[in-house]
Every structure is written in C-alpha cells, then in structure tokens.
Number of protein chains: 2
Amino acid sequence: MSEPPLRADARRNRTRILAAAVEVFDRHGTSASTEEVARCAGVAVGTVFRHFPTKADLLAAIMKDLQDRLATRAETLAAEGDPTALLTFFAEVVEHAVGARTVVHLLAVGGMDVGVDRQVAGLGKALDTLLVRAREAGTVRADVKLDEVIALLTAACHGALAAGWAPDLRHRTVARLLDGLRL
Amino acid sequence: MSEPPLRADARRNRTRILAAAVEVFDRHGTSASTEEVARCAGVAVGTVFRHFPTKADLLAAIMKDLQDRLATRAETLAAEGDPTALLTFFAEVVEHAVGARTVVHLLAVGGMDVGVDRQVAGLGKALDTLLVRAREAGTVRADVKLDEVIALLTAACHGALAAGWAPDLRHRTVARLLDGLRL
DNA sequence: TGACAACATGAGTGGCGACTCATAATTTGA
DNA sequence: TCAAATTATGAGTCGCCACTCATGTTGTCA
C-alpha cells in the first residue's frame, strides 16, 4: 500500500512545484496555466504532470495545505479563549483572501464543509468550536448556525476579490457582515 | 453620426441573438461560447460577430438591458413608498441572480457604480434613492453608505452562486446580511 | 422585376492550455 | 564505478474558443 520513497531530486521538485503553485494561483487565480507554475518552479511541464497527473490534483494538494493552515489558526484563536475570536478569524480570512486567491477557491469548493472530514483537524470543526464559544459568551446571536457563518465568509471573500473592494470599503463591509452576527 | 436603418432580417436576427445571449449566459455563465449563443439563436457564428464585433460587445449590450431592468424595478419599489423597499430589492436581486448568472457579471463589472452614469436612469442612483428613503424611515442604520449596500449585494450574489447555497441556507444568509443593515 | 447593397453562412485561422511520450539526464544500490 | 530504475525534459497532440473571410443569399428600391 505504501509508495516507494521518492528520489532526492523528485522530492525537491515536488516541494518547489507546490510552492510555485501557491504563489502563482494566489496571484493569478486558479485559472493560471500549469506552464506558468512550471516556469515559476524552474521545472518542465512534464515534471509537474508527473507529480500531479491533473491540474485538479495539484490544486487539491494546495487546498489541503491551506485548509490545515487555516484550521490551525482557528484552533490557536480558540485556545486563547477570547470570545470575539470568531469575528477576528472572520476578518483575518477576508484580509488573507485579498492577497491569496486560493482562499476563495477553497471556500467555493466547499473546503469548510463539516460533513466529510477525514482529516483529524477539520477546518469546519475548528470554526464550529469558535462559534460555540462565541455563542456561549454572547458575542454572537444564539441562533446563528455554522453554515451561515461559512456562507457569509464565502460571500465576503468572493465579493472582496471579484469587485476589488478598496481597503476602506472592505473594512466597512466586513464590519456590516459581523454586525449581522452580533446581538 | 446616425447609422443607416437595419434591414428587416438583420433587425430580427439582432433581437434573436440578444435573447439567446441572455438565455445562454444566464444558464451557463459568461464563459459560454459564442457558438452556443449562435446555435440558440438559430443563426451562424458569423452573424453574431457581424452584429457584435466582440464577445465583450455582446455582453455589454446585455448588461445595459439588465441594468435598465433592475433600475426600473428599483424605481418602482421606491415609488411605492414602502420603507423596507431597499431590503426587498436586495433579496429580490439575490433570488434573481441564482437563476441568472448575468446578474453576477453585472455586479462584478461594476454595473452599479454611481460614478460614470451616462444613462438617465442609473441603477446606482435608483438604489441610492431606496437607501435614502430607508434611512429616513429608520429601516436601516443611519450610517450605512451606498457603497456598502452594493458591496454586500455583490457578495451575496457571488456567494450564492459560487457556493451553490441551497434555498434554505440562502434565505437565512440574506437575512443575516440584512440584519447588518438594520438598526 | 432586376440589380445592387446589405446581410448570412460556416469552414478556416490562430492562439491557448491541459496533457502525453520518446528521449535524455540523474540517482541509487551494489 | 556502473548498470538499472527513476525522473526530467519539452516539443507535440488535442480540443476549445474567439474571430475572419470568401462565397452565397436576401431585402430593398428604382
């Protein structure tokens, strides 16, 4: 069941490709070409396709990483015990998404779904923890559901990127969104 | 300066093409091919390009129509004098966008910008009227700006489509968004 | 009605992007 | 050090799409 270990150069290239993919897709969106990723990684196209048979596979690998990083951040915030952590996280993700289009892709693709989480530290689960804490502390309305929070976050990130909100407008808009969650 | 009148068949085809474009782009998004539009209009590709030299031109024509229709609807609501008209309009547009991807394109392209409105009945202007009425009636917070309303609307439409919210989630999410505007 | 201008047609062009594969270069284990 | 296995290379294939143009068709007006 386990794959034979990769050759040294193969392992190095795999890492470079992943890093390049993050950079390229963050900057130009997931519609950027695989050639662009290869160029950025200093590698030939064929090499990219050897490691990731499909562009979708490459994206999936990146999404997994991003998901984990966001989940970790959410867990850290939850551990700190601040009852406004949910709102903080929300704002942070939007700010992050502005410079990193992959975030939007993750959200659109349902990367926060709580349903099929085979990873131990699911992002959706972490968000839920944040939500429960906020509810208990009275930071958000008692009837706010997790899927609504995710939906609002998705909407905010999409809007911010698609419409290219200026920083000022972005901050005011996110504030309005959070107002809708608060008591 | 004025163009010579179109021949009868040309006028007929132009109408068909516009109708087909709305149908196709509403269903499949603006990335649908021009061939698809031609097929739907019962016309050859060349004919489409004769009337609209560029796909962008075709889109622009459609956007203009959509903009006018939305503006008219907003004005109608404003004329009726209901102080919650802004919220009604907001919800209506989101519902409309779910079945008509062109709406999202209009929003993403800045079709609601109040700035450069050479058309008499600007959509942005109509929305602003709605907003002023709502503010006066106390239906929304006094400090809500027009650009925030547009931003939230854009976000809602993008989110609803990109993430494919189910009707139930969609309604709850829009309600949350409107909560952020209300007192 | 005839003849010309306006219009329609659809196969063709060029460009792009995902993906392949024969060949060349590296790594590795003995 | 040296073969055998693994990996890298990049020109090439395939499909899609915006857009063109030589040719055929149709509306219009005298």
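Below, chains carry the letters A, B, ... as their sequence lines are ordered, and counting in each starts from 1.
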Query raised in the report: Which parts of nucleotides 12-24 of chain C does protein reach within less than 4.0 Å, heavy atoms only, written one letter per nucleotide 5' to 3' as B for base, S for sugar-phosphate only and - for none?
Result: -----SSBB----
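- As rounded to whole Å, 12 Å separates atom C1' of dC17(D) from atom CZ of F25(B).
- Each of V144(B), V140(B), T154(B) was checked for a side chain to side chain contact (heavy atoms under 4.5 Å, CB included) with V149(B), and the lone residue meeting it is V144(B).
- Surrounding CD of E92(A) are more than 12 heavy atoms belonging to other residues, nucleotides or ligands, all under 6.0 Å away.
- If you take CD of E36(B) and P of dA18(D), they are 11 Å apart, rounded to a whole angstrom.
- Among all heavy-atom pairs drawn from C157(A) and V93(A), the shortest one is SG-CG1, 4.1 Å.
- Between the P atom of dA8(C) and the CZ atom of R16(B) lies a distance of 11 Å, rounded to the nearest Å.
- Atom CZ of R39(A) and atom P of dT9(D) are 14 Å apart (whole Å).
- dT20(D) atom P lies 15 Å from atom CZ of F52(B), rounded to whole Å.
- Between E35(A) and V45(A), the closest heavy-atom pair is CG-CG1, 4.0 Å.
- A41(B) and I17(B) get closest at one heavy-atom pair: CB-CA, 3.9 Å.
- dC7(C) atom P lies 5 Å from atom CZ of R50(B), rounded to whole Å.
- Phosphate contact (OP1/OP2 of dA8(C), side-chain N/O of H51(B), threshold under 4.0 Å): present.
- Between R39(A) and E36(A) there is a salt bridge, with a side-chain nitrogen of the basic residue lying less than 4.0 Å from a carboxylate oxygen of the acidic one.
- Among all heavy-atom pairs drawn from F52(A) and A61(A), the shortest one is CE2-CB, 3.8 Å.
- Counting to the nearest Å, the P atom of dA8(D) and the CZ atom of R14(A) are 11 Å from each other.
- Closest heavy-atom contact between R141(A) and R182(A): NE-O, 3.1 Å.
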Query raised in the report: Which letter, B, S or -, goes with each nucleotide of nucleotides 23-30 of chain D from 5' to 3', with contact meaning a protein heavy atom under 4.0 Å?
Result: ---BSS--
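- For N13(A), no side-chain nitrogen or oxygen approaches OP1 or OP2 of dT7(D) to under 4.0 Å.
- Linking Ile, Leu, Val, Met, Phe, Trp and Tyr residues whenever their side-chain heavy atoms come within less than 4.5 Å leaves V104(A) and M63(A) in two separate clusters.
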